[in-house]
Amino acid sequence: LLCFRTSLIRPLIFGLLLQPPVAQLSIITQPNIVLFMADDLGIGDVGCYGNDTIRTPNIDRLAKEGVKLTQHIAAAPLCTPSRAAFLTGRYPLRSGMDAVNNYRVIFWNGGSGGLPPNETTFARILQQQGYSTGLIGKWHQGVNCESRNDHCHHPLKHGFDYFYGMPFTLISDCQPTETPEMDRAFRRKLWFSTQMIGLAILTAALGRLTGLISVSWKTLTCLAGFSLLFFICWFSSYGFVRYWNCIMMRNHEVTEQPMVTDRTTSHILKESISFIERNKHKPFLLFLSFLHSHTPLITTKKFLGRSSHGLYGDNVEEMDWMVGQVLDVIDKEGLKNTTLVYFASDHGGWLERQEGQRQLGGWNGIYRGGKAMGGWEGGIRVPGIFRWPGVLPAGKVIDELTSLMDIYPTVVNLAGGVLPQDRVIDGRDLMPLLQGMVEHSEHEFLFHYCGIHLHAARWHQKDSGAIWKAHYVTPIFRPLGAGACYDRGFCPCFGEGVTHHDPPLLFDLSQDPAEAKPLSADTEPLFDTAIKKIGRAIEEHRRTLTPVPEQLSMYNVVWKPWLQPCCGTFPFCWCDKEGDN
């Protein structure tokens, strides 16, 4: 009998020992989590996604040692709404973080809009699970609501224990040598209006002096006062963009105002490494939100002139080097096998961003469109790479439909947390797909918004492998035949700059990923079936939406001096607490 039992137990133990590493997930509880997010990086800018001229060996190493997603979709084609969806696992429309107007992102640190305090980020849940949580780099989800120090939208109110970086986003205004970028067309109109008003008052005054115009000096004085007030009102904000928006913070404290861009990269890298070293003995979440590769493409001298793609390529290669530095620290501290690493971009590359002959925006490979375009693939299809040695297979490529919103339930479940039950979570846990336990993504449909306007939707017909995508609204590219809105600098979501399609344009992305040849009822037998199926899914999706305050309304977007973060006594806001001053 003893021999019989031994003969049964021995192969059982031997079989358990031979189980592949993927089956050991339950042994590793609460892994460390490092999330890399690039800014404005196109999917075609990375070596492992087909670029053979910009060198990204460290990002490529992640793909070689982990899992690469080829259909990884951002929930919005611009920074603020895409990152809101990433942090909450919900379409930005659900939190009020998509725009009803043309101001589609947070525009000022001194605005009142931002990620609502009642939204639950994955950082907050991981914090409750005992994680040390840090955000280094870009935030762009707002700062204050009603007073300068309420910090209602600040990272520390959304589950991060530590924050170092920009509460806003990098813009060309942050670099004194660059042409101003923020609201450039509107600023020109304000200057022109001020000049016209001043010219009219001067002409009236001269007419009064020469007796050609009968107008009282009191009236002229009032008009001059109005002109001065008008100038002060707009110049107090737009004239000091570098001081109001280009600031660095550590937790609630403003440390640089304006920021010293020459050392920003080294400080962000140093802070990231320091966070890992401080928290290596307990589970940690590090969200390294790069300022690369957003204009003005701040790049250190070490990397200038290194790539064959000018300043943009130099900037991407420097970001890849930063990724490598962080990975080296993870290896050095012996954390590689207990750390899930993720790399992505917040949306597609900015095609229209040019200065003369210089192309300052990214490349989206074969995919049509780019940043700000809510429907076309180039605006929303981004790199997506996961690495976790011993748990995720190395060198695997997954073509299934995934979303940036999926990070939320994935990391919450890994941390042992519970998803909020009082709201819709649009993301899906990716671990079964990444580990090969299931063949298909849980997503059957994804909806693609431009602001609050639904531009497109896709249906993954899993039994056939077809990926049907219907476009209801598309931007009008100019000049004619171009692939972007070069006349505007950004493609609009509504109005005269878009075309409405009825019936919608339909593509099968499994056969035509570049969206080059729209199908029709004459050429595609399943045309009507696909359109009806997607239409019903949109109706069901819209029934799950509930009204919420608009965080990007005109009132919330405008600059309010009483909300402006300031390291001195307002309006005397300038400091350099990181240097010798």
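Reckoned from all heavy atoms, side chains included, excluding hydrogens, waters and symmetry mates.
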Atom pair CZ/CG of Phe160 and Leu285 - distance to nearest 0.5 Å: 6.0 Å
For residues His448 and Trp376, establish whether the separation of their ring centroids is below 6.0 Å. no
May I ask you to decide whether Arg353 forms a salt bridge with Glu181, counting only side-chain N to carboxylate O separations under 4.0 Å? yes
Can you tell me how far OG of Ser95 sits from CD of Glu119, rounded to the nearest 0.5 angstrom? 4.5 Å
Exam field: side chain Ser82 to backbone His347, donor-acceptor pair closer than 3.5 Å: no
Could you point out which residue of Phe186, Phe490, Phe494 forms a side chain to side chain contact (heavy atoms under 4.5 Å, CB included) with Asn102? Phe494
Any donor-acceptor pair under 3.5 Å linking the side chain of Lys469 with the backbone of Pro513? no
Any chance the side chains of Ser172 and Glu178 put a donor and an acceptor closer than 3.5 Å? no
Pairwise distance OG(Ser293) to OH(Tyr312) - rounded to 0.5 angstrom: 3.5 Å
First locate atom CZ of Arg358, then atom CG of Leu297, and finally report the distance between them rounded to the nearest 0.5 Å. 8.0 Å
Spell out, as yes or no, whether a donor-acceptor pair under 3.5 Å connects the side chain of His455 to the backbone of Cys493. yes
Would you please indicate if the ring centroids of Phe168 and His140 are separated by under 6.0 Å? yes
Looking only at non-hydrogen atoms, find the nearest pair between Leu404 and Phe86 and report the distance. O-CD1, 3.5 Å
How long is the span from the CZ atom in Arg536 to the CD1 atom in Ile538, to the nearest 0.5 Å? 11.5 Å
Considering only NZ, NE, NH1 and NH2 on the basic side and carboxylate oxygens on the acidic side, decide whether Glu515 and Lys517 come within less than 4.0 Å. no
When Asp39 is tested against each of His292, Lys138, His294 for side-chain hydrogen bond (donor to acceptor under 3.5 Å, both in side chains), which residue passes? Lys138
So Phe107 and Tyr103, would you call those rings parallel, tilted or perpendicular, with 30° and 60° as cut-offs? perpendicular
Should the pair Arg55-Asp320 be classified as a salt bridge under the 4.0 Å nitrogen-to-oxygen rule? no
Passes side chain to side chain contact (heavy atoms under 4.5 Å, CB included), Ile171 versus Val241? Steps please. CA-CA 10 Å; Ile171 50 176; Val241 169; 3.8 Å; yes
Centroid separation under 6.0 Å, is that true for the rings of Tyr238 and Trp559? no
How many angstroms lie between atom CH2 of Trp244 and atom CG of Asp173, to the nearest 0.5 angstrom? 14.0 Å
Treating Asn364 as the side-chain partner and Gly349 as the backbone partner, does any N or O pair qualify as donor plus acceptor under 3.5 Å? yes
Member of Ile366, Ile43, Ile73 meeting the side chain to side chain contact (heavy atoms under 4.5 Å, CB included) criterion with Glu377: Ile73
